[in-house]
Asks: 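Take this structure first; my questions come after.
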Amino acid sequence: MFGDNPGNGEHRGRSMYELRLYIAGVTPKSLAAIGNLKKICREHLKNQCTIEVIDLLKNPQLAQSDQILAIPTLVRRLPSSIKKVIGDLSRTEQVLSGLDLGSHDK
Amino acid sequence: MAEKPAADQEPSLPQLPKSPTGISGFDQITEGGVPRGRPTLVCGGPGSGKTLFSMEFLVKGAVEYGEPGVFVAFEERPEELTKNVASLGFDLADLAARKKLLLDHVHIERSELEVTGEYDLEGFFVRLGYLIDSIGAKRIVIDTLEALFASLPNEAILRAELRRLFRWLKGRGMTAMITAERGLDEATLTRHGLEEYVSDCVILLDHRVSGQISTRRLRIVKYRGSYHGTNEYPFLIERQGISILPISAVELRHHVSTDRVSSGISRLDTMLAGGYYRGSSILISGTAGSGKSSFASSFAAAACRSGERCLYFAFEESEPQIKRNMAAIGLDLGAWTGQGLLRFEAARPTVYGLEMHLVRMHAAIEAFQPAAVVMDPISNMTAMGNPREVNAMLSRLIDFLKEKGITSVFTTLAHPESTEETEVAISSLIDTWLLLRTVEMSGERNRTLFILKSRGMAHSNQVREFLITDRGIELTNVYIGEGLVFTGSAREAQEAKDRAEALARRQEIEQRRRAHERQRRLIESQIATLQTQLDQEEEDLKMALAQMELRDKARSVSNRRQEELRRADAVDERAGSTGRGRGKEKHHG
């Protein structure tokens, strides 16, 4: 697991958006997803997010407990009521609407 | 039955390795189960039993064959599943605790899901791999994989991933069972064409309701590299799980015996030239109260008397009722049940569906291993399904009994008007058919018996009367008169009447002979008289003729004299003739 925290820790805490990205090994698709997610976080979420990247190859039990089928899957854990976005996150608008974050930006 | 057909067809090919499912009957029709280390597709409509079928495969694998298994459910939660199959005696919680079976519920909420860009199902693979490894599973069930199509968009990706999944499962050597919903039209087996990926074994489950009775059926659509029955096999979901009626005998290859077994009625044995053939099927049809059950019980008792086991399926009467009734005609069935040679299975036909009955019978026969079976009566079965289905089931049952070499007696109720027509449909399956009838005559109803057919044996063509006495069934002496078989007191009356008539006939003949003699003598005397008369007549005639001649001569002499005197005519030519006459006359004169 390589945790990653590009968000601004001091600024209003990290609890505004807590996101988890599930990948299975380092593949072009997962790298693309990580890159896209970081970009979205920086450009649309004012860095107010925690991103946790979970490699299922290392923590296979989490696939069951977190109900993960598709890879990559991005899960919004906070704000509560879970939202999932599947795919390489290449289309920002869709990611934002999937995470129900669009309104925050606009 | 399992090995024979395949061995005949391809003796050289090694059999595909198979994993027994432990599902009663299924391993027989597939000759060993599903392909080992390969995926099997189980498809069927809603409520067709897919989940239970695959669950039993897993549970039996874990319990009986030491192969732990993983059940991945897309539709049911583990708690629901555990509760549902508990009724079949599967304790999933216990199996899970012993690390023999894992339940996983894959839950995808479409509403909280957005898809953007490319993805794959690696998460699912990781998940399966983890589950498999955690208990060392050899079997896996995915129920129903097609739920993915409803949850995830981009069918092209899904299809590619499913293809990869099946390859992956094979690669891991998993004996897998994948369930899928039946396609909307009859032509497609599954809604999303999963059969395209699973090429090894496809099983179709079906659930139909006809005439308010539901029947479940199973068919093996495809089984690559293996012989398999292509029939639809009825199956049941019972207390012990799924039970399939494995009836094959497509080839009518039963062992045929020339042994005879007693019908329990000695004079009937004589009529059949020694009794029923062992392993044959006998139908006793008759109207109500014609003695069908008594014949059947006589047969059952005879089998027991010779030390063989007999299983009696009673569909109308209870065991104590039959015993009491038969005790009244001198058959102590209780003694045989006491010795364990006779067993009753009583059930009302309407309680279960047709298949249920047949599977139960099947199970009872397998358990008791009888040499003889009685089914009394089978006519009630027609209440359970349409005649075609009933016939199909009965023929399978009869095949099964024949294959086992079990002599079976069926009784059937016939309507008085159509005694011979009603059973036409099953008659072709029957070797020996006894027809019982009651004949009403002079205020009595008497029972008659006729052997309508009996394959492969010389048999009497006679209609016989029989009596149900306190010593059992007795066939009476045959009495035939005036083209009718007489029965009961009419038979005795007729015998007396015939005796009297015969005497009268004899006397009459004697009388007529004497009369004739008298007549003859009379006529002879008349002939003598007439002859005398005739002689007299002839005598008179001769005398008359002689007198006439004399008179003629006298006249001709006088004529000639007149001619000579008159010289009127030319007499020359006449002279010759008359001359001769004259000469004669001269001689006379």
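Order of the sequence lines sets the chain letters (A, B, ...), proteins ahead of strands, with each chain counted from 1.
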Asks: In Å, rounded to the nearest 0.5 Å, how long is the span from CG of Asp120(B) to CG of Leu69(A)?
Replies: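 Here the rounded value is 11.0 Å.
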Asks: Using side chain to side chain contact (heavy atoms under 4.5 Å, CB included) as the criterion, point out the one residue from Ile68(A), Asn59(A), Leu62(A), Leu56(A) that pairs with Val126(B).
Replies: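 One option only clears the test, and that one is Leu56(A).
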Asks: With a 4.5 Å cut-off on side-chain heavy atoms, are Gln64(A) and Asp104(B) touching?
Replies: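 Asp104(B) vs Gln64(A): side chains touch.
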Asks: For Thr116(B) and Arg91(A), indicate whether the former's side chain and the latter's backbone hold a donor-acceptor pair under 3.5 Å.
Replies: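 Checking the backbone N and O of Arg91(A) against the side chain of Thr116(B), a donor-acceptor pair under 3.5 Å is found.
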Asks: Which atom pair, heavy atoms only, marks the closest approach of Gly123(B) to Ala63(A)?
Replies: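 Smallest heavy-atom distance, with atoms named: O-CB, 3.8 Å.
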Asks: Any heavy-atom pair between the side chains of Gln67(A) and Arg127(B) that's under 4.5 Å?
Replies: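 Yes, side chains in contact.
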Asks: Would you mind checking which part of Ile157(B) comes under 4.5 Å of any heavy atom in chain A, side chain (CB onward), backbone (N, CA, C, O), both or neither?
Replies: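 Looking at Ile157(B), nothing touches chain A.
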Asks: Side chain, backbone, both or neither: which part of Leu128(B) has a heavy atom under 4.5 Å from chain A?
Replies: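 Leu128(B) has no heavy atom closer than 4.5 Å to chain A.
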Asks: So which heavy atom on Ala70(A) is nearest to which on Tyr119(B), and how close?
Replies: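 Nearest pair, atom of Ala70(A) first, then Tyr119(B): CB-CD1, 3.6 Å.
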Asks: Looking at Ile71(A), Val75(A), Leu74(A), Leu89(A), which makes the most heavy-atom pairs under 4.5 Å with chain B?
Replies: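 The residue among Ile71(A), Val75(A), Leu74(A), Leu89(A) with the greatest pair count is Ile71(A).
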Asks: To the nearest 0.5 Å, how far apart are CD in Glu114(B) and NZ in Lys84(A)?
Replies: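 Glu114(B) CD to Lys84(A) NZ: 14.0 Å, rounded to 0.5 Å.
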Asks: Can you confirm whether Lys29(A) is buried at NZ, in the sense that more than 12 heavy atoms of other residues, nucleotides or ligands lie under 6.0 Å from that atom?
Replies: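 Yes, because the 6.0 Å sphere around NZ of Lys29(A) holds more than 12 heavy atoms from other groups.
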Asks: Rounded to the nearest 0.5 Å, what's the gap from OG1 on Thr27(A) to CD on Glu118(B)? Could you check?
Replies: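 That separation rounds to 11.0 Å.
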Asks: With side-chain contact (heavy atoms from CB on, under 4.5 Å) as the test, would you mind laying out the steps for Ile86(A) and Leu152(B) before giving the verdict?
Replies: CA-CA 9 Å; Ile86(A) 286 169; Leu152(B) 296 172; 3.7 Å; yes
